[in-house]
Amino acid sequence: MTVFYLFASIAVGASLLVIAQRNPVYSVLLLIASFGALSGLYILLDAPFVAVIQIVVYAGAIMVLFLFVVMLLNAPQEDTEFDARTHPLLRPGPMKFGALLAAAFTGELIWALTRAGGGSGGFAGGAVSSVEALGRILFTDYAFAFEVTSVLILVAMVGAVLLARRDDRPGSRF
Amino acid sequence: MPPGISLSDFYYILPEIVLTAGALVLLVVDARLPRGSRALTWVTMAVLLATAVSLVPFRNTDVEVSQGLLAVDQFALFFKVVFLVAAAMTVLMSERYLQVEGASFGEYYFLILCSTLGMMIMAGSIDLISAFVGLETMAVSFYILAGFIKPNQRSNEAAVKYFLLGAFSLGILLYGMSILYGVSGTTNLRTMATVFVGHERNPLLVLAVILVVAGMEFKIAAVPFHMWAPDVYEGAPTPVTAFLSVGSKAASFAMLLRIFVEGLPSMDADWRLLFEMLAIVTMTVGNVAALTQSNLKRMLAYSSIAHAGYLLIGVVAGTPRGISAMLIYLLIYSFMQLGAFAVIVMMRRKDVVGDELKDLSGLYHRQPFAAFAMLVFMLSLGGIPPTAGFMGKLWLFGAAIDAGYVWLAVIGVLNSAVSLYYYLRIVVFMYLKKETIGSEPTLSPALTLTLGVAVAATLVLGVYPGLLFDLAEASARTLGASGVTAAIR
């Protein structure tokens with residue numbers, strides 16, 4: 001339980017710092033810390049495969065890409081100017097209102113967690129922790145969702161190619 | 001074949017397989033055809049037609065397939081037909097628009113087909129996992145479609161806004177779903193319904209309901225989660241706006257009904273109260289904000305927000321009658337909304353953007369048929385007999401009164417009266433103003449067909465509404481076929 005609270009507080013603290021930082025590079029590095037703590041939580045939940053994937057895919061591959069993009073964009077400071085086109089709700093005053101809502105929600109969550117007497121259903125338990133079991137369930141019980149995910153990724157690929165490719169029409173800026 | 005999967009699983013998802021295969025074929029055909037070939041429009045129509053034909057064997061089935069991820073029932077069938085009709089009309093009106101904008105066809109039609117696939121999965125899902133994957137497939141397609149006209153900055157803005165807010169709302173929805181899973185230990189909605197009986201006062205569940213409601217409200221563009229709609233509707237390519245306001249909304253309503261009526265019937269006191277308040281606010285804010293708009297697409301965006309409010313009345317009523325009224329209204333709304341957007345597509349010419357109210361001036365003298373069609377759609381959206389919009393509202397409000405929500409119906413009627421102001425303003429511009437701008441707007445054969453179908457459907461369903469009624473009633477009854485219906489009072 002102590003280990004849980006350790007990892008959980010690192011994850012929450014790092015996530016809070018991610019949005020509090022003005023320097024995007026710091027934000028990215030803190031996000032890696034948050035992901036690391038999350039993978040610790042997955043190990044506690046008896047899901048070592050997910051924990052490793054979390055490190056390899058998210059903390060490794062994706063965050064390196066993030067860092068590349070941040071460096072390519074060369075944006076050392078976040079742009080915090082609010083011009084007339086900013087929606088009224090996104091200007092500094094209403095942002096405090098948003099923070100208030102978030103605080104209220106956190107309060108509700110704590111209240112609900114302390115009041116609720118645990119789950120009402122049963123879990124399959126740690127039966128799906130191994131890679132083999134995970135693969136088996138992915139290709140049998142959740143085969144349909146797995147197949148649809150491949151379409152989803154194809155859509156994202158087509159979209160990425162479409163938005164990134166050079167337009168060969170004359171007079172186009174892209 | 002691995003255990004747990006049988007051939008029948010493939011048989012029951014035949015429409016989805018046909019649609020996916022068709023979309024992939026389209027992508028390959030696109031690479032072989034010369035750029036800008038119009039043949040792709042007909043390939044896309046053929047794929048949609050084949051999918052519609054493959055739905056025929058399932059007109060009377062009511063089974064759970066794919067290990068309880070999907071239900072193939074009348075409810076799903078009704079929505080799948082709505083999606084296919086909406087997609088076909090969108091494709092027909094897209095050709096002209098893409099030509100004027102000089103955009104490529106292949107990826108566009110591919111994304112339209114994939115978003116339709118996502119919608120069909122959403123309507124059939126009785127499991128949170130498959131519902132979410134379907135929602136994502138639809139949403140990602142729309143993020144890209146919204147930004148399809150790359151040189152247009154407003155299109156870029158629409159795509160970025162929709163993507164960021166969509167991702168955020170999806171996070172909220174997933175948080176709610178994860179709590180539901182945490183409390184019940186299952187992602188299957190029908191199992192969840194039985195597990196939750198007797199746990200109505202669990203505070204975690206109340207919190208989960210609020211989170212899921214917030215996530216779904218974003219997708220149907222209900223107040224106070226509607227901020228994205230006007231900007232995205234205005235910036236996105238007009239046919240995409242049409243499909244977004246009809247298909248995406250209908251699919252989200254289908255998923256919403258599945259989650260709340262099938263999965264959380266024991267929590268109905270909570271979600272009914274939430275939807276009741278949201279319906280009132282949504283109707284009122286949508287209609288009042290639409291009054292002052294001068295951009296047609298923005299006006300129709302607010303009008304579609306208001307319609308989300310009317311449709312929520314059906315969810316609040318929750319009776320089979322309320323749900324069937326909602327289904328009927330969704331189909332009718334598809335025809336009138338798509339038709340109105342087809343007229344705006346026609347107004348887009350080389351020299352005119354054509355989405356401002358003043359661009360419609362004198363349309364009656366230049367394009368009498370289009371002006372008449374727009375007149376029918378506006379009257380129908382406002383709920384004037386003998387159009388289908390009137391019948392739809394009649395049933396919807398009737399179901400509300402039936403279920404004891406009289407004042408909800410009263411507010412709905414008052415709002416319809418307010419909405420007439422801005423719908424009729426369009427008619428005034430078309431018929432009474434003389435000054436004209438830019439070149440002559442012309443109808444292409446595909447656009448004429450779209451408008452013709454939409455006008456015919458709007459008028460015929462207004463005069464012979466019985467055609468739809470039995471169908472919708474049967475669909476509404478199959479919702480919650482596993483004995484959950486008893487929990488809905």
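In what follows, chains carry the letters A, B, and so on, assigned in the order in which the sequence lines appear, proteins first and then strands, with residues in each chain numbered from 1.
Chain A forms more heavy-atom pairs under 4.5 Å with one residue of B/Leu111, B/Leu27, B/Ile144 than with any other, namely B/Ile144. The choice from B/Ile210, B/Leu24, B/Ile13, B/Leu70 that makes the most heavy-atom pairs within less than 4.5 Å of chain A is B/Leu70.
Only the side chain of B/Thr20 comes within less than 4.5 Å of a heavy atom of chain A; its backbone N, CA, C and O stay farther away. Of the two parts of A/Tyr142, the backbone and the side chain both hold a non-hydrogen atom closer than 4.5 Å to a non-hydrogen atom of chain B. Residue B/Leu117 touches chain A through its side chain alone, counting heavy-atom pairs closer than 4.5 Å. With a threshold of 4.5 angstrom between heavy atoms, B/Phe110 approaches chain A through side-chain atoms but not through N, CA, C or O. With a 4.5 Å cut-off on non-hydrogen atoms, A/Val158 touches chain B through its side chain but not through its backbone. Heavy atoms of A/Ile153 lying under 4.5 Å from chain B are absent altogether. Within the 4.5 angstrom heavy-atom criterion, only side-chain atoms of B/Tyr175, from C-beta onward, approach chain A. B/Phe148 touches chain A through its side chain: at least one heavy atom from C-beta onward sits under 4.5 Å away, while N, CA, C and O do not.
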Inset, instruction - Show your working on side chain to side chain donor-acceptor pair (under 3.5 Å) between B/Ser130 and B/Ser125 and close with a plain yes or no. - result: CA-CA 6 Å; B/Ser130 47; B/Ser125 288; 3.2 Å; yes
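Taken to the nearest 0.5 Å, the CZ atom of B/Phe168 stands 12.5 Å off from the CG atom of B/Leu173. Separation of atoms CG (B/Leu189) and CG (B/Leu264) is listed at 7.5 Å; rounding is to 0.5 Å. Note: A/Ser27 OG to A/Ile19 CD1 = 9.5 Å, rounded to the nearest 0.5 Å.
Residues B/Phe225 and B/Ala214 approach most closely at CZ-CB, 3.7 Å, considering heavy atoms.
Side chain of B/Thr186 to backbone of B/Asn188: a donor-acceptor contact under 3.5 angstrom is found.
Sparse packing is recorded around CZ of A/Phe66, with 12 or fewer heavy atoms of other residues, nucleotides or ligands lying under 6.0 Å away.
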